[in-house]
Amino acid sequence: MTGYVALIRAVNVGGTGKLPMTVLAQMCEAVGFEKVKTYIASGNVVFQSGAAEDQVRSAMEEQLQTYAGKSVGVFVRTAAEIADTLARNPFVGAPGNRVMTLFVDGPLPADPLDSVTGIRDEQVRLGKRELFVLYPDGMANSRLRIPSEKHGTARNMNTVTKLATMAAAVA
């Protein structure tokens with residue numbers, strides 16, 4: 001059995017994508033995932049499964065499609081991958097709520113600033129399957145825009161830290 005973290009895109013943000021975490025946990029259990037635990041109301045779930053990552057993603061996407069009536073993005077990482085993401089944070093000295101990790105499943109650009117607009121004091125760094133973004137003045141007034149082909153789902157380092165701890169406990 002592998003420990004996984006699934007990050008659901010656009011859940012309970014700005015009044016869109018309402019999904020109670022109890023329902024998300026029930027969906028995971030319905031497809032056979034074990035030791036299911038959710039974290040805060042923004043679509044984070046940790047569990048065990050014997051299935052491969054693509055099978056886990058497909059099972060969750062099907063459940064969410066049925067629930068929401070539309071396609072919902074699901075980004076899956078193993079417990080080891082989420083721990084590695086945390087360890088590779090290039091902004092380790094910055095407050096956790098000022099560093100975002102944009103998890104993506106598509107190819108990353110050679111240059112993390114390729115096609116990025118509105119950058120001021122923000123810093124963007126490449127990861128393996130993610131972009132790290134430092135918002136030294138917070139996100140509230142940022143004009144930073146990352147192109148649509150890099151769509152993913154973002155979590156701050158405080159959340160990534162908690163998910164890594166939870167995933168290690170179920171791995």
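All values below were derived from every heavy atom in this structure, side-chain atoms included, with hydrogens, water molecules and symmetry-related copies excluded. These figures come from a predicted structure and were not determined experimentally.
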Listed partners of Arg155 passing salt bridge (Lys or Arg N to Asp or Glu O under 4.0 Å), at least two apart: none
Residue pair Asn156, Val99: steps toward the side-chain contact (heavy atoms from CB on, under 4.5 Å) verdict: CA-CA 6 Å; Asn156 72 33; Val99 179; over 6 Å; no
Listed partners of Arg145 passing salt bridge (Lys or Arg N to Asp or Glu O under 4.0 Å), at least two apart: none
Point-to-point distance, once rounded to the nearest 0.5 Å, from CG of Leu144 to CD1 of Ile146: 5.0 Å
Check: Pro136 main-chain N/O paired with Arg98 side-chain donor or acceptor under 3.5 Å: yes
Connected via hydrophobic side-chain network under 4.5 Å: Met60 and Val23: yes
Qualifying ring-ring contact (aromatic ring centres under 6.0 Å, His included) pairs with a residue from residues 48-94, counting only residues at least two apart or across chains: none
Stepwise side-chain contact (heavy atoms from CB on, under 4.5 Å) check, Phe132 with Leu126: CA-CA 6 Å; Phe132 296 95; Leu126 287 174; over 6 Å; no
Test item: Met100 and Tyr135 side chains (from C-beta on) under 4.5 Å apart, heavy atoms: yes
Side chain proximity check, Asp137 to Asp121, heavy atoms < 4.5 angstrom: yes
Exercise: identify the closest heavy-atom pair between Val74 and Asp105: O-OD2, 3.9 Å
Arg88 with Glu130: basic N within carboxylate O range, under 4.0 Å: yes
Pairwise distance OG1(Thr101) to CG(Asn89) - rounded to 0.5 angstrom: 6.5 Å
Beyond-backbone contact of Met157 with Val92, side-chain heavy atoms, under 4.5 angstrom: no
Ser71 vs Glu61 side-chain heavy atoms within contact, under 4.5 Å: no
Non-hydrogen side-chain atoms of Gln63 and Val31 separated by less than 4.5 Å: yes
Heavy-atom closest pair, residues Leu134 and Ala94: CD1-CB, 3.6 Å
Nearest heavy-atom neighbours spanning Gly152 and Arg9: O-NE, 2.7 Å
Val170 backbone acceptor or donor facing Gln48 side chain under 3.5 Å: yes
Heavy-atom closest contact (Ile82 atom, Ala167 atom, distance): CG2-CB, 4.1 Å
Residues that Glu29 engages under salt bridge (Lys or Arg N to Asp or Glu O under 4.0 Å), provided they are two or more places apart: none
Evaluation steps, salt bridge (Lys or Arg N to Asp or Glu O under 4.0 Å), between Lys128 and Asp84: CA-CA 10 Å; Lys128 291 181 181 177; Asp84 184 53; 3.1 Å; yes
Test item: Glu34 and Ser49 side chains (from C-beta on) under 4.5 Å apart, heavy atoms: no
Distance in Å, Asp54 CG paired with Ser58 OG, rounded so as to fall on 0.5 Å steps: 6.0 Å
Under the salt bridge (Lys or Arg N to Asp or Glu O under 4.0 Å) test, residues paired with Glu81 that sit two or more places apart: Arg129
Modelled atom types, side-chain donor and acceptor of Gln55 and Arg57, under 3.5 Å: no
Pairwise side-chain contact, Met21 with Val45, heavy-atom cut-off 4.5 Å (strictly under): no
Pair listing, ring-ring contact (aromatic ring centres under 6.0 Å, His included) test, anchored in residues 35-54, at least two apart: Tyr4-Phe47, Phe33-Phe47
Evaluation steps, side-chain contact (heavy atoms from CB on, under 4.5 Å), between Val5 and Met166: CA-CA 9 Å; Val5 174; Met166 290 173 66; over 6 Å; no
Separation of Leu7 CG from Phe103 CZ (nearest 0.5 Å): 5.5 Å
4.5 Å side-chain heavy-atom contact, Thr159 and Asn44: yes
For the student: nearest non-hydrogen atoms of Ala164 and Leu86, plus distance: CB-CD2, 4.0 Å
Gap between atom CG of Leu64 and atom CG of Leu19 - 0.5 Å precision: 6.5 Å
Donor-acceptor pair between Ser142 and Glu122 side chains, under 3.5 angstrom: yes
Val160 reachable from Ile40 in the ILVMFWY side-chain graph, under 4.5 Å edges: yes
Over 12 foreign heavy atoms within 6.0 Å of CG, Asn141: no
